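Data block below; observations after.
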2 protein chains.
Amino acid sequence: MTQDSISRFRRFSRAVTSQMGVLDQDFLGLGRPLGPARVLNAIGHGLHDISQLREYLRLDSGLMSRLLRQLEAEGLITTTPGAEDKRRRQAHLTPAGATEYAAYERLSDARAHDCLARHPKPDALLAAMDLVASALGRDHIQVQLADPCGQAAQDCLEAYYADLSSRFGQRFDPVRSGDPEASAMRPPDGAFVLAVSDGLAIGCGGLKPLADSDMPTGEVKRVWVSPNARGMGVSRQLMQALEGHARDLGMRRLRLDTSAKLSEARGLYRATGWTEVARYNDNPYADHFFEKVI
Amino acid sequence: MTQDSISRFRRFSRAVTSQMGVLDQDFLGLGRPLGPARVLNAIGHGLHDISQLREYLRLDSGLMSRLLRQLEAEGLITTTPGAEDKRRRQAHLTPAGATEYAAYERLSDARAHDCLARHPKPDALLAAMDLVASALGRDHIQVQLADPCGQAAQDCLEAYYADLSSRFGQRFDPVRSGDPEASAMRPPDGAFVLAVSDGLAIGCGGLKPLADSDMPTGEVKRVWVSPNARGMGVSRQLMQALEGHARDLGMRRLRLDTSAKLSEARGLYRATGWTEVARYNDNPYADHFFEKVI
DNA sequence: GTCATTAGCTGACAATAGTCAGATAAAAAT
DNA sequence: ATTTTTATCTGACTATTGTCAGCTAATGAC
């Protein structure tokens with residue numbers, strides 16, 4: 001079983017526990033009550049901002065504060081005032097806390113592994129979990145800037161290329177880590193965004209500058225949404241985010257190319273203010289071209 | 001959305017809450033704390049035996065008792081000593097309790113309906129939920145005697161016939177409610193069992209007497225497992241249950257017919273003590289015949 | 001500067017959940 | 001008939017979770 005399966009399983013678990021209004025009691029059995037265990041895990045999972053923690057765990061500020069003091073007294077975390085705003089405190093794991101967190105992670109991994117290992121079709125099970133998690137978590141999908149060469153982005157892009165390969169019946173194999181376009185999709189030139197649902201990247205989109213005569217123009221590329229998360233408005237969110245970044249980067253116009261084989265997409269473009277234009281590049285796979293002034 | 005979708009959704013929800021070690025906080029918002037609300041719902045759902053309730057909800061006997069007293073004081077339930085064993089008390093909803101229970105059901109229905117209604121592919125979502133629920137709940141699948149003309153049995157049989165029709169490319173349409181074989185599959189002549197996972201029937205099997213010369217013989221018929229629950233040992237459980245009933249009914253030998261197109265099944269039969277025999281009936285769809293002395 | 005707002009903390013409670021050692025009565029085992 | 005076991009109940013606790021008003025320090029608006 002790959003690490004990726006485990007993370008997909010855990011995403012499902014998180015989606016279910018946080019979206020269906022359920023509490024995860026998984027954490028019991030390691031000698032710590034649910035409250036502090038949830039806080040410890042959330043911090044371990046990368047939520048350092050206390051206000052974020054409160055929102056994620058839906059805890060009262062008083063209760064949150066007490067739980068933090070408790071973990072601090074146990075020597076598992078430290079809290080420090082924020083760098084910019086000293087009111088916003090940050091929580092971080094101490095080495096002892098990291099060890100405890102790792103124990104929870106192992107427990108969780110083991111459960112995921114067991115469940116998948118004894119299933120006759122683990123891939124089908126994971127796909128079903130993805131579908132359910134996306135449906136349950138559709139209101140909590142976040143679009144965020146990411147490094148196009150990071151692991152999550154690479155996972156998305158590989159899935160995207162595989163998707164394209166199967167649609168065009170032809171192998172897509174762009175240079176991977178040394179992707180010549182990657183640097184163009186990083187600030188300050190462009191942008192690359194990921195749609196993240198409960199910690200798993202389920203979609204992506206890139207924006208790179210396009211040399212043009214009359215006005216600063218960007219090109220939208222590699223917009224892709226995981227099949228199990230389609231129809232949930234993710235691509236719309238991705239496009240909005242890319243437009244926002246384009247504006248911030250001073251671009252005045254966006255372009256994109258697409259193919260008749262990706263028919264779902266064309267409706268979205270038309271519905272969100274894009275107009276079809278004449279071919280503007282020599283991409284052999286593209287047969288439809290759109291433009292939007294922003 | 002059909003009622004069936006709702007029950008499938010709710011089955012998923014129950015499977016997730018009870019199998020992943022999570023507590024359903026769904027019940028909040030109707031002015032009752034989680035504990036009593038869970039008890040009320042479990043009773044409404046048909047769990048009357050207090051020991052069953054305790055096991056299902058995993059509550060301490062003292063706590064359970066107190067929650068019952070509380071609900072009794074509110075006039076929502078009554079408890080009575082069991083008919084056979086006066087220690088085992090039974091809990092039942094009063095009319096007022098039934099009204100409260102219905103309010104929870106409506107809330108739950110509404111949530112299920114909303115979630116399905118806003119999904120682009122509700123059927124795919126439900127199928128994914130079935131798959132996940134079956135995987136999570138595989139250790140809690142119960143095989144129980146049922147009326148072959150009951151609603152759950154009819155749902156299974158219809159799915160079974162649809163399955164056969166698609167495999168044989170030919171329409172199967174046995175007489176439904178007036179099924180001539182139904183009465184043969186009821187005690188005292190035969191048996192009909194359902195595999196139930198979190199309240200949803202996911203498989204079935206029938207047993208009817210077969211006229212034979214040398215020893216009392218039964219025939220196993222209509223063994224079917226929902227595609228989303230296959231590979232989880234359900235058919236094995238069904239066959240075991242049918243064998244048990246056959247023994248109780250005094251049968252000494254079992255027979256069954258099957259088709260080469262249902263190849264998965266033949267491995268199971270061989271592995272569980274059946275031997276292939278010569279054709280014993282004129283079923284045109286059957287081309288393989290098995291027998292087992294019990 | 002003053003004032004309103006914000007993030008988080010503390011104290012004082014209250015409600016809920018869980019535990020455990022008997023008590024009681026019915027059933028089962030001897 | 002006696003003893004043991006079982007199912008439930010009760011009382012006396014403890015632990016956990018949730019709530020709310022007021023406090024402090026930092027920030028931002030005017």
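Letters A, B, ... are given to chains in the order of the sequence lines, protein chains preceding strands, and every chain is numbered from 1. Model, not experiment: these values are computed from the prediction.
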Using the 3.5 Å cut-off, write out each protein N or O paired with an N or O of nucleotides 25-29 of chain D and the distance between them.
| residue | atom | partner | partner atom | Å |
| --- | --- | --- | --- | --- |
| D:dT27 | OP1 | A:Glu84 | O | 3.2 |
| D:dT27 | OP1 | A:Lys86 | N | 3.0 |

- Message: Test of understanding: with side-chain hydrogen bond (donor to acceptor under 3.5 Å, both in side chains), list the residues that count as partners of B:Arg236, not counting sequence neighbours.
- Response: none
- Query: Where each residue is assigned the nucleotide of DNA chain C containing its nearest heavy atom, which of A:Arg88 and A:Leu63 is assigned the position nearer the 5′ end?
  - Reply: A:Arg88
- Message: Is a donor from one side chain sitting under 3.5 angstrom from an acceptor on the other, for A:Arg38 and A:Tyr104?
- Response: no
- Message: Side chains of A:Glu72 and A:Thr79 only: does a donor on one sit below 3.5 Å from an acceptor on the other?
- Response: yes
Ignoring the backbone of [X], work out which of [options] is nearest its side chain.
X: A:Asp60; options: D:dC20, C:dA17, C:dG8; answer: D:dC20
X: A:Leu68; options: C:dT16, C:dC9, D:dT17; answer: C:dC9
X: B:Arg89; options: D:dC9, D:dT16, D:dG18; answer: D:dC9

- Task: Give one of base, sugar-phosphate or nothing for A:Ser51, where a contact means two heavy atoms less than 4.0 Å apart.
- Result: sugar-phosphate
- Determine the interplanar angle of the A:His48 and A:His92 rings, folded into 0 to 90°, and report it as parallel if under 30°, tilted if 30 to 60°, perpendicular if over 60°. parallel
- Heavy-atom count around A:Arg252 CZ within 6.0 Å, excluding the residue itself: above 12? no
- Message: Looking at the base of C:dG11, is there any donor atom on it, or on the side chain of A:Arg66, that sits under 3.5 Å from an acceptor on the other one?
- Response: yes
- Message: So B:Arg88 and B:Ile50, do their side chains get closer than 4.5 Å, heavy atoms only?
- Response: no
- Nearest heavy-atom pair of B:Cys204 and B:Phe192: which atoms, and what distance? CB-CZ, 3.7 Å
- Under 4.0 Å from any atom of DNA chain D, heavy atoms only: list the residues of residues 73-81 of chain B that qualify, in numerical order. none
- Message: If you compare every side-chain N and O of A:Arg54 against the phosphate oxygens of C:dG8 (OP1, OP2), does one of them come in below 4.0 Å?
- Response: yes
